[in-house]
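Okay, so here's the structure we're looking at.
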Amino acid sequence: RLTTTPPGATPPGAPPPATPTTGPATPPAGVVTAPTTITGFDFDVGISSEQGTRPTMEDAHYSSMHDPDFPSQYFMDQEGWFFGGVYDGHDGNEASMIASQELHKAFIHFLASQNIKNSFNSTYEAISDIIKNDTNAGTCAANVFIHGVRLFVAHAGDSRVIICIDNAPVFTTVDHN
C-alpha cells in the first residue's frame, strides 16, 4: 500500500552505491529518455519497464514532460518545474495505475495550500485511501518534484530515486516497507 513511514520508525539502510561509471552515460536498451532544461541546468528523464516473469505488467509511471495538459493546467505562470513518478504495483496493476493517473493531480492540489513536504504527505495519504477503497492491489511509489534549482524526493516502499552527478549514482532514498 502507498503509505508514509510511521512517526519514529527508522527505515532500513540505503543500498550500497553502485560503482561510478566513466564516459558518457548511455541508457540501457529499452529506456526512453527525454532531455529537458530547467532554470539553467539540463537533465534527462529515462523511462523503462520490464514485466519479468509476471503474467501481467503491474508497474506504471508518470512524467509531466509527457503530459501536454499538465503544465498549462497547473503551472501556467511558472517556469522551471518537473513532476515524475514510478509506481511498482503488487498483486495487479490497479493501484499503480491509480497512482500514475491521480497522484500528480493530488500533489498540485495540496501544494496550493501546503509546503512541499506536507503536500507529499497529504498526497500519499489521499491516494492510499483511494487505493484501499478501490482495489486489493498495492503499489510502491517514488516521486520527484523539481522547481527552479531544487529537487524534492518522496517515496513509499522499496522504489528508489537515484540521480547521477558526473556519471556517479547518488541514492536519494532509503528503502522502507
Side-chain angles (χ1 to χ4, degrees), residues 1-54 57-66 80-90 95-96 99-100 103-104 106-107 110-111 114-125 127-128 131 138-177:
R1 300 269 179 223
L2 196 71
T3 58
T4 56
T5 303
T10 304
T19 304
T21 59
T22 58
T26 55
V31 174
V32 177
T33 62
T36 192
T37 301
I38 290 183
T39 316
F41 66 94
D42 295 326
F43 67 96
D44 291 332
V45 173
I47 299 169
S48 175
S49 296
E50 183 176 320
Q51 183 172 323
T53 60
R54 296 183 216 147
M57 174 55 83
E58 296 180 349
D59 303 338
H61 67 274
Y62 175 83
S63 167
S64 61
M65 293 172 62
H66 301 101
W81 65 270
F82 169 81
F83 187 92
V86 175
Y87 309 101
D88 177 14
H90 301 279
S96 62
S100 72
L103 195 140
H104 58 283
F107 176 75
F110 288 113
L111 191 58
Q114 300 178 17
N115 66 33
I116 292 171
K117 179 181 177 181
N118 290 341
S119 294
F120 269 123
N121 288 337
S122 295
T123 297
Y124 276 33
E125 289 172 7
I127 298 300
S128 182
I131 290 170
T139 189
C140 296
N143 294 98
V144 296
F145 176 62
I146 299 173
H147 189 257
V149 295
R150 298 181 69 192
L151 168 70
F152 302 89
V153 175
H155 79 294
D158 60 1
S159 293
R160 299 175 183 154
V161 175
I162 303 169
I163 60 173
C164 292
I165 300 175
D166 295 327
N167 293 318
V170 177
F171 291 87
T172 62
T173 57
V174 177
D175 293 359
H176 53 89
N177 297 323

Checklist entry - Any side-chain heavy atom of V144 within less than 4.5 Å of one from F82? => result yes

Next on the checklist: Looking at S159 and A142, would you say the former's side chain and the latter's main chain have a donor-acceptor pair under 3.5 Å?
Outcome noted: no

Item to check | Value rounded to 0.5 Å, distance of OG in S96 from NE2 in H90 | outcome: 9.0 Å

Checklist entry - Considering residues at least two apart in sequence or located in another chain, which fulfil the side chain to side chain donor-acceptor pair (under 3.5 Å) criterion with S119? => result none

Checklist outcome for this item: When every non-hydrogen atom of A106 is compared with those of I127, the smallest separation belongs to CB-CD1, 4.2 Å

Item to check | Any residue meeting side chain to side chain contact (heavy atoms under 4.5 Å, CB included) with I162, in chain and number order, not counting sequence neighbours | outcome: R160, P169, F171

Next on the checklist: Can you list everything that forms a side chain to side chain contact (heavy atoms under 4.5 Å, CB included) with V170? Sequence neighbours excluded, please.
Outcome noted: I163, I165

Checklist entry - How are the rings of Y124 and F120 set to each other: parallel, tilted or perpendicular (split at 30° and 60°)? => result perpendicular

Next on the checklist: Nearest 0.5 Å, please: how far is CG in N121 from CZ in F107?
Outcome noted: 10.5 Å

Item to check | L103 backbone acceptor or donor facing T123 side chain under 3.5 Å | outcome: no

Checklist entry - Residues two or more places apart in sequence or in another chain: which of them pass side chain to side chain contact (heavy atoms under 4.5 Å, CB included) with D59? => result R54, M57, D88

Next on the checklist: Would you call the rings of F83 and H104 parallel, tilted or perpendicular, taking 30° and 60° as the class edges?
Outcome noted: tilted

Item to check | Exam field: side chain N115 to backbone K117, donor-acceptor pair closer than 3.5 Å | outcome: yes

Item to check | Pairwise distance CG(N143) to OH(Y87) - rounded to 0.5 angstrom | outcome: 4.0 Å

